[in-house]
Amino acid sequence: MNYIAEVDSLTFRVEMIDDHHVRFGDHVIEIDLAALGGQPLYSLVVDGESYEAYVYPEESSWQVILRGNSYTVNVEDERDRRLKSARKFADTRVTEFVLRSPMPGLIVDLPVENGSPVARGDILVILESMKMQNELTSPVQGKVAGVKIKKGDSVDLKQVLLYVEKEQP
Amino acid sequence: MFKKILIANRGEIAVRIIRACRELGVKTVALYSDADRQATHVRFADEAFHLGPSPARDSYLRIDKILEIAERSRADAVHPGYGFLAERSEFAAACEDSGLTFIGPRPSAIAAMGDKVVARDTVASAGVPVVPGTKGQDNLHDEELIHFASEIGFPLLIKAAAGGGGKGMREVRSLDQMPQLLHSARREAEASFGDGNVYLEKLIEDARHIEFQIMADQFGNAIHLGERECSIQRRHQKLIEEAPSPFIGEDEDLREKMGAVALQAAKSVDYANAGTIEFLVDKNKNFYFLEMNTRLQVEHPVTEAVTGYDIVAEQIRVASGWKLSRKQEDVERRGASIECRINAEDPYNNFIPSTGRITLTQLPAGPGVRVDTGINIGYEVSPYYDPLISKLIVWGETRGQAIARLRRALEEYRIVGVRTNIPFHQLILATYPFITGKYDTRFVEGQFSMADPAESRESYLDIAALLATLVAQDQSRKIKQEAPRPTNASRWKWSDRWKKVK
């Protein structure tokens with residue numbers, strides 16, 4: 001299988017030869033990858049050089065934390081790439097803002113309710129996590145709809161809290 | 001000496017106190033909430049008692065339950081650690097009423113220094129310089145505060161009278177921001193401390209946060225153990241502390257002057273046990289009293305590293321009625337020490353708290369390295385408590401050696417299961433202001449960004465690309481293997497057939 005990896009503005013072509021050899025650009029290199037205690041910590045020995053890194057899956061890419069640096073790497077195999085270019089994207093206009101919890105925590109205050117009009121920057125929810133209170137504000141002007149939580153609720157990371165219907169210009 | 005000490009705390013500081021007790025031959029009693037059953041402090045202590053549900057108000061803040069457990073376990077003293085009940089004078093008083101020794105100052109000293117307004121007033125009348133503000137004017141209304149705001153001038157800080165740790169604190173740049181920020185500061189102060197009272201203080205710009213460690217016995221003897229530089233902060237939370245301060249450096253006159261003033265502040269409230277006087281120092285070396293923390297500090301290990309003084313053991317000895325083990329002239333400092341606070345938060349995602357089960361942890365070790373942590377494999381980091389999960393402390397003969405060791409140790413440290421701010425520390429330690437010691441409290445928020453690449457970044461682009469590709473391939477292979485999962489029935493069939501073939 002052939003892969004294309006993009007990081008910053010560089011593109012690397014990676015061809016898997018067998019479990020311990022890849023063609024990386026123009027060179028064939030010897031590799032040995034080991035997952036340490038399960039994901040996401042990996043040890044990689046490449047041509048005798050030893051590296052260790054955290055490799056976290058993100059929505060459509062990978063985050064590699066290596067020697068104190070973070071890299072966002074897009075990896076596609078050749079088939080993905082063909083599919084992607086064939087796919088057509090429908091132009092869907094976003095008409096609502098979805099407020100998701102940026103962290104696990106406790107809803108300490110909910111100054112809005114369904115139908116409340118809000119302006120940009122208005123406080124929607126006050127979320128307490130790890131002893132800090134965080135004000136979650138509306139990035140759009142509109143009307144609150146679909147409140148999914150109430151005061152005192154515990155919420156998880158990325159849980160949908162409420163929607164704001166954007167005011168149509 | 002005490003026979004048994006109850007530790008009214010959790011996490012790394014509970015572990016630290018247990019270690020001191022062990023060395024002194026004192027038995028320990030740990031407390032735990034639902035969330036902390038697997039925590040290290042529970043496993044290290046001689047005895048452990050369940051306190052209640054995970055939220056602090058139902059567990060670590062329950063004075064009644066804690067005293068009940070103290071009685072049941074026949075502890076003769078209580079160590080409060082930091083946070084939770086450590087600076088609540090009513091807790092110290094309740095301990096004494098129950099015949100327990102509170103390992104800390106007298107309730108009156110906690111009360112005097114605990115209300116930041118009273119504290120400023122007390123030390124100011126003892127001749128200690130304070131930052132201009134609404135000192136000694138308790139319970140001001142919003143209208144009065146807005147009036148004083150124009151008098152003090154902007155920028156200024158709104159601070160919670162009962163506060164600490166940056167909670168209920170707001171920075172105000174102009175008059176029109178005042179009403180809204182007063183409101184949110186009061187709300188946060190009310191939620192954190194049950195007291196929405198706030199005061200104003202002039203914001204000292206280009207300030208450094210330098211504090212002095214005090215130790216006093218019950219016979220009126222008091223010494224200082226030198227300073228700690230704590231200017232690397234984010235949202236008023238300290239992240240890196242060091243001793244000695246690179247700003248004070250070789251200026252022994254300034255160090256002596258500040259140390260003397262710190263002792264004066266402590267004596268103004270008849271202080272006993274360990275305490276810390278925090279100062280703001282401007283670029284012209286003017287220094288102002290900020291507050292006194294009437295308890296053990298998170299960052300006490302850097303002082304221990306350069307003085308060789310076991311602060312927690314001394315707290316226990318002094319509380320049991322011993323005299324200070326050293327005189328001021330016997331306090332020597334050697335080398336340099338730096339501490340990084342390892343928090344469960346994602347530095348690449350606006351430092352949002354990270355929770356989860358720890359599946360792997362590999363502690364750094366080797367020359368000059370110390371780790372104080374309360375987590376272990378299997379422990380679930382929950383949103384109930386503060387995000388500090390570990391402290392990495394190094395010592396070096398010089399500041400340069402300490403920095404090299406710290407960078408080495410940070411790279412060795414592995415924690416899997418939650419995101420940590422270790423990469424933040426690695427980046428900070430590579431910056432010019434940190435290496436040269438020329439930074440102030442604004443450095444992290446003003447000049448530093450996680451998006452600024454370190455010098456080494458370019459060198460590993462290819463390795464990062466290769467790693468991501470190999471992991472991506474590994475994952476997709478696993479998914480493919482898992483896809484046609486045989487049912488139990490067919491597995492039995494296979495096994496049967498295999499036997500026949502054999």
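Side chains included, hydrogens not; waters and symmetry mates left out as well; all remaining heavy atoms used. Residue numbers start from 1 in every chain, and the chains themselves are labelled A, B, ... in the order their sequence lines are given, proteins ahead of strands. None of these values were measured; they are calculated from a predicted model.
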Notebook entry, point to check: Within 45 degrees of the axis of the six-membered ring of A:Y56 and under 6.0 Å from its centre: does B:R419 put its NZ or CZ there?
Noted result: yes
Next item on the list: Could you please spell out the steps behind the side chain to side chain contact (heavy atoms under 4.5 Å, CB included) verdict for A:F24 and B:D462?
Entry: CA-CA 9 Å; A:F24 191 68; B:D462 51 349; 3.7 Å; yes
Are there over 12 heavy-atom neighbours, none belonging to [X], within less than 6.0 Å of that residue's [atom1]?
{"X": "B:E458", "atom1": "CD", "value": "no"}
{"X": "B:H183", "atom1": "NE2", "value": "no"}
{"X": "A:E58", "atom1": "CD", "value": "yes"}
{"X": "B:Q180", "atom1": "CD", "value": "no"}
{"X": "A:D18", "atom1": "CG", "value": "yes"}

Closest-packed option against chain B by number of heavy-atom pairs under 4.5 Å, given [options]:
{"options": "A:V73, A:V46, A:D77", "result": "A:V73"}
{"options": "A:E128, A:M1, A:E52", "result": "A:E52"}
{"options": "A:E135, A:E6, A:E49", "result": "A:E135"}
{"options": "A:R67, A:M16, A:M103", "result": "A:R67"}
{"options": "A:G68, A:G105, A:A5", "result": "A:G68"}
{"options": "A:V108, A:L41, A:I123", "result": "A:L41"}

Check: side chain to side chain contact (heavy atoms under 4.5 Å, CB included) between A:V14 and B:L470: does it pass, once the steps are laid out?
Finding: CA-CA 9 Å; A:V14 188; B:L470 293 173; 5.6 Å; no
When only pairs under 4.5 Å are counted, which of [options] shares the most heavy-atom pairs with chain A?
{"options": "B:N350, B:T359, B:I463", "answer": "B:I463"}
{"options": "B:L360, B:T469, B:N349", "answer": "B:T469"}
{"options": "B:S456, B:P347, B:P423", "answer": "B:S456"}
{"options": "B:D386, B:L427, B:L461", "answer": "B:L461"}

What part of [X] lies closer than 4.5 angstrom to a heavy atom of chain A: side chain, backbone, both or neither?
{"X": "B:E345", "value": "neither"}
{"X": "B:D346", "value": "neither"}
{"X": "B:Y348", "value": "side chain"}
{"X": "B:E188", "value": "both"}
{"X": "B:S459", "value": "neither"}
{"X": "B:R414", "value": "both"}

Item checked: Closest contact, heavy atoms only, B:P383 versus A:P104 -> CB-O, 4.0 Å
Checklist line | Minimum heavy-atom distance B:S476-A:Y3, with the two atoms named | finding: OG-OH, 4.0 Å
Check: Between A:Y42 and B:A468, is there a donor-acceptor pair closer than 3.5 Å when you use the side chain of the first and the backbone of the second?
Finding: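 No, because the side chain of A:Y42 does not come within donor-acceptor range (under 3.5 Å) of the backbone of B:A468.
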Checklist line | Donor-acceptor under 3.5 Å (A:Y51 side chain, B:A464 main chain) | finding: no
Next item on the list: Decide side chain to side chain contact (heavy atoms under 4.5 Å, CB included) for B:L467 and A:L33; before the verdict, give the C-alpha distance in whole Å, the side-chain angles of both, and the deciding distance to 0.1 Å.
Entry: CA-CA 8 Å; B:L467 263 163; A:L33 180 76; 4.0 Å; yes
Where on [X] is there a heavy atom nearer than 4.5 Å to chain B: the side chain, the backbone, both, or neither?
{"X": "A:P57", "result": "neither"}
{"X": "A:I4", "result": "neither"}
{"X": "A:D156", "result": "neither"}

Next item on the list: Decide side chain to side chain contact (heavy atoms under 4.5 Å, CB included) for B:V471 and A:V75; before the verdict, give the C-alpha distance in whole Å, the side-chain angles of both, and the deciding distance to 0.1 Å.
Entry: CA-CA 10 Å; B:V471 173; A:V75 182; over 6 Å; no
Notebook entry, point to check: Yes or no on salt bridge (Lys or Arg N to Asp or Glu O under 4.0 Å) for A:D8 and B:R457, after CA distance, side-chain angles and deciding distance?
Noted result: CA-CA 11 Å; A:D8 291 3; B:R457 190 187 147 83; 2.5 Å; yes
Next item on the list: Taking the side chain as every heavy atom from C-beta outward, state whether B:V416 and A:Y54 have any pair of such atoms under 4.5 Å apart.
Entry: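 A side-chain contact exists here, since the closest heavy-atom pair is under 4.5 Å.
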